[in-house]
A.B. asks: 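Just dropping this structure here.
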Amino acid sequence: MNIWIIGATLFSLGQFAFYIICTPESMPRPIVPSRFDKIMASGLYSLAYLLSLLRLPFAIPPYGLKLFGVFVLKKHYQVSHYVAIFEMFRVLGDIINWAIGIVIVEHIVIIAPALKLVLYPSIFAEALRLFSEKGQMIFSVCWQCLPHRHIADYLQRELDHTKPDCALSNYLLRYCHYYILDDEQRIQFILSTLRCYAAADPELLTKLAYLSTLRTVPSSCGIRGGYVRDVARGEVFIHQSWTSDPWLLIGQALRRSPWLFDPRFLRRPFYYRTEANRLATLFVFTHARYSPTYALYQFGHEIKAARYDFFYRVLRWFKIDIEPKIQADGTFPFDQGISWLKTMLFGAQPARQLPLWQDQDVIMDVRKRILDGEKLVVLDIAVQYTYPLKYVEEVLMDLINNP
């Protein structure tokens with residue numbers, strides 16, 4: 001166990017040093033794309049996919065506990081919910097689950113030594129997930145709790161009396177330049193940084209064109225389950241405290257930019273687990289140099305989530321397609337297994353929407369509404385049918401106006 005404690009300590013110290021020294025600049029040099037970026041992205045995704053299957057034994061107890069809560073305690077904490085204390089207990093539960101798993105594995109390998117070839121890699125896979133996903137989350141939350149604006153103000157006054165050519169002073173000045181700003185200024189700072197990074201990458205600039213801004217929402221609002229963006233207006237939702245983690249903002253901007261809702265990139269309607277998630281994750285990995293800490297978090301998250309992709313694909317090999325598609329409002333119905341069990345046991349039908357509309361259906365519906373006397377502007381169509389405004393302006397309106 002000591003090795004894990006040492007690892008956690010080194011991880012935290014490394015993160016702290018990175019956040020202090022590598023605060024983003026508002027006008028940095030462009031990051032020139034290379035062929036290695038996509039090779040690395042594919043490698044990271046494949047590795048996370050493999051580790052996701054190896055950690056399956058550690059996925060069973062939490063899901064069993066969730067089933068117990070739903071069917072015995074009649075309490076269902078949905079993915080789209082966000083309560084800080086519950087999130088803390090979820091992280092703690094993952095750590096306890098891993099620790100108990102180690103104890104159980106040690107007893108099993110005494111009885112059946114051959115199983116250690118499978119169980120030890122499972123322990124390693126879960127440990128790597130905890131470090132990269134939960135470890136990054138914990139550090140980010142702790143970093144966000146620091147009084148950065150006061151610290152930056154103090155450091156700025158002190159640095160006014162030091163030599164400006166000192167290397168440490170230059171790093172601290174970057175910290176001050178960012179953290180002395182208010183929340184809205186930080187958002188604009190990060191968007192400027194991101195677009196400067198992308199100046200030499202036409203493909204990325206094309207996809208960032210779908211992002212207009214980052215919009216703060218109340219901390220009580222859960223930003224999961226698809227309620228993460230305004231597709232039509234190109235706004236990605238964040239919590240106010242997240243502005244204290246510039247790398248988190250860059251990562252969210254990359255991950256949640258609404259370009260996936262443009263049919264030129266992905267057909268409509270589309271699957272989340274086996275289509276959209278893979279494309280978005282590869283996009284983050286390809287641009288890992290833009291936000292290394294978020295790419296680390298995404299790697300850990302994929303170790304947990306990739307098993308769903310495997311599950312749905314295996315079922316399709318047997319001609320069984322039960323994966324739900326993205327719904328008409330751009331959200332995804334999580335907890336499908338629990339919903340299915342509720343239907344089987346109690347006949348409770350989950351509230352579901354129709355999938356995203358296809359272009360031909362939207363065109364027919366909009367033409368009919370116009371003939372009925374409705375006056376629809378471009379933004380109305382984008383909002384009501386969950387399209388990026390850019391796609392409606394560039395493609396869809398021509399198709400509607402030219403039968």
Side-chain angles (χ1 to χ4, degrees), residues 33 38 188 191-192 194-195 198-215 225-237 252-284 286-287 312 316 321 323-333 351-403:
K38 292 190 176 182
Q188 298 309 314
L191 292 176
S192 172
L194 185 55
R195 292 189 169 103
D201 189 340
E203 179 184 355
L204 178 56
L205 282 175
T206 297
K207 292 178 178 178
L208 286 180
Y210 292 84
L211 175 68
S212 61
T213 191
L214 305 175
R215 193 215 309 173
Y227 296 101
V228 299
R229 63 178 76 81
D230 184 325
V231 173
R233 295 177 177 85
E235 298 174 343
V236 171
F237 304 151
Q252 292 293 332
L254 290 172
R255 170 77 185 183
R256 294 177 172 175
S257 177
W259 58 271
L260 282 169
F261 288 82
D262 185 327
R264 290 174 290 188
F265 293 108
L266 183 60
R267 65 182 180 85
R268 292 167 61 103
F270 55 84
Y271 296 112
Y272 171 68
R273 292 296 191 187
T274 57
E275 291 182 329
N277 179 68
R278 178 177 175 274
L279 290 178
T281 299
L282 286 172
F283 187 64
V284 170
T286 300
H287 302 95
Y312 287 126
R316 285 197 198 114
D321 187 359
E323 181 182 3
K325 291 183 172 69
I326 294 290
Q327 299 181 131
D329 64 354
T331 62
F332 176 76
R352 293 281 175 86
Q353 302 178 29
L354 293 173
L356 282 172
W357 287 44
Q358 294 180 309
D359 279 7
Q360 58 266 32
D361 297 324
V362 172
I363 292 168
M364 291 175 60
D365 194 56
V366 170
R367 287 174 180 170
K368 179 179 181 301
R369 292 173 64 181
I370 292 174
L371 289 174
D372 289 341
E374 288 191 56
K375 295 182 179 179
L376 297 173
V377 298
V378 174
L379 183 59
D380 292 332
I381 296 172
V383 170
Q384 294 175 29
Y385 299 99
T386 318
Y387 280 106
L389 185 62
K390 179 179 172 64
Y391 177 74
V392 178
E393 291 176 335
E394 294 178 355
V395 178
L396 198 60
M397 288 307 298
D398 285 341
L399 297 176
I400 292 170
N401 295 327
N402 298 293

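Below, all heavy atoms of this structure are taken into account, side chains as well, without hydrogens, waters or symmetry copies.
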A.B. asks: Kindly indicate whether the side chain of Gln188, heavy atoms from C-beta on, has any atom under 4.5 Å from the side chain of Thr213.
C.D. replies: yes
A.B. asks: Within the 4.5 Å heavy-atom criterion, are Val228 and Val236 side-chain neighbours or not?
C.D. replies: no
A.B. asks: Listed by chain and number, what are the side-chain hydrogen bond (donor to acceptor under 3.5 Å, both in side chains) partners of Glu393, not counting sequence neighbours?
C.D. replies: none
A.B. asks: Do the non-hydrogen side-chain atoms of Asp372 and Lys368 ever get within less than 4.5 Å of each other?
C.D. replies: yes
A.B. asks: With a 4.5 Å cut-off on side-chain heavy atoms, are Val392 and Tyr385 touching?
C.D. replies: no
A.B. asks: Would a distance-only check, ignoring hydrogens and angles, find a side-chain to backbone donor-acceptor pair under 3.5 Å from Thr281 to Asn277?
C.D. replies: yes
A.B. asks: Going from OH on Tyr312 to CD on Glu275, what distance comes out if it is rounded to the nearest 0.5 angstrom?
C.D. replies: 13.0 Å
A.B. asks: Can you see which heavy atom on Arg316 is nearest to which on Asp321, and at what distance?
C.D. replies: NE-OD1, 3.4 Å
A.B. asks: Search all heavy atoms of Pro33 against all heavy atoms of Ala200 and return the closest pair with its distance.
C.D. replies: CD-O, 3.4 Å
A.B. asks: Is there side-chain contact between Val395 and Asp262, with heavy atoms separated by less than 4.5 Å?
C.D. replies: no
A.B. asks: When you measure from the side chain of Ser257 to the backbone of Lys207, do you find a donor-acceptor pair of N or O atoms at a distance under 3.5 Å?
C.D. replies: yes
A.B. asks: Among residues at least two apart in sequence or on other chains, which ones pass side-chain hydrogen bond (donor to acceptor under 3.5 Å, both in side chains) with Asn401?
C.D. replies: none
A.B. asks: Is Ile381 close to Met397 at the side-chain level, that is, under 4.5 Å between some pair of heavy atoms?
C.D. replies: yes
A.B. asks: Run Glu374 and Asp380 through side chain to side chain contact (heavy atoms under 4.5 Å, CB included) and show every step you take.
C.D. replies: CA-CA 11 Å; Glu374 288 191 56; Asp380 292 332; over 6 Å; no
A.B. asks: Mind listing the closest non-hydrogen atom pair of Leu194 and Ala253 along with its distance?
C.D. replies: CD2-CB, 3.7 Å
A.B. asks: Tell me whether the rings of Phe332 and Tyr272 are parallel (<30°), tilted (30 to 60°) or perpendicular (>60°).
C.D. replies: tilted
A.B. asks: Taking the side chain as everything from C-beta on, heavy atoms only, tell me whether Tyr271 gets closer than 4.5 Å to Pro355.
C.D. replies: no
A.B. asks: Are the side chain of Arg229 and the backbone of Arg256 linked by a donor-acceptor contact shorter than 3.5 Å?
C.D. replies: yes
A.B. asks: Give the C-alpha distance, both sets of side-chain angles, the deciding distance and a yes or no for side chain to side chain contact (heavy atoms under 4.5 Å, CB included) between Leu260 and Phe283.
C.D. replies: CA-CA 11 Å; Leu260 282 169; Phe283 187 64; over 6 Å; no
A.B. asks: Has Met364 got more than 12 heavy atoms of other residues, nucleotides or ligands less than 6.0 Å from its CE?
C.D. replies: no
A.B. asks: State whether the side chain of Arg268 and the backbone N or O of Gln358 hold a donor-acceptor pair below 3.5 Å, judged by distance alone.
C.D. replies: no
A.B. asks: Looking at every heavy atom in both Leu208 and Ala198, which two are closest together, and how far apart are they?
C.D. replies: CD1-CB, 3.8 Å
A.B. asks: Within 45° of the axis and under 6.0 Å from the centre of the six-membered ring of Tyr210, does NZ or CZ of Arg264 qualify?
C.D. replies: no
A.B. asks: Distance from Glu235 atom CD to Leu211 atom CG, nearest 0.5 Å?
C.D. replies: 9.5 Å
A.B. asks: For Tyr387 and Val362: C-alpha separation, side-chain torsions, deciding distance, then whether side chain to side chain contact (heavy atoms under 4.5 Å, CB included) applies.
C.D. replies: CA-CA 10 Å; Tyr387 280 106; Val362 172; 3.6 Å; yes
A.B. asks: Taking Asp398's backbone N and O only, do any of them form a donor-acceptor pair with Asn402's side chain (distance below 3.5 Å, no angle check)?
C.D. replies: yes
A.B. asks: With sequence neighbours left out, write down each residue that passes side-chain hydrogen bond (donor to acceptor under 3.5 Å, both in side chains) with Asp230, or none if nothing qualifies.
C.D. replies: Arg233
A.B. asks: Nearest 0.5 Å, what's the CG-CG distance between Leu266 and Leu279?
C.D. replies: 6.0 Å
A.B. asks: Enter the distance from Leu214:CG to Phe237:CZ here, rounded to the nearest 0.5 Å.
C.D. replies: 11.0 Å
A.B. asks: Between atom CG of Leu379 and atom CD of Gln384, what is the distance when rounded to the nearest 0.5 Å?
C.D. replies: 9.0 Å
A.B. asks: What's the separation between atom CG in Leu396 and atom CG in Leu389, rounded to the nearest 0.5 Å?
C.D. replies: 11.0 Å
A.B. asks: If you define the side chain from C-beta out and look only at heavy atoms, does anything of Leu254 sit under 4.5 Å from Leu204?
C.D. replies: yes
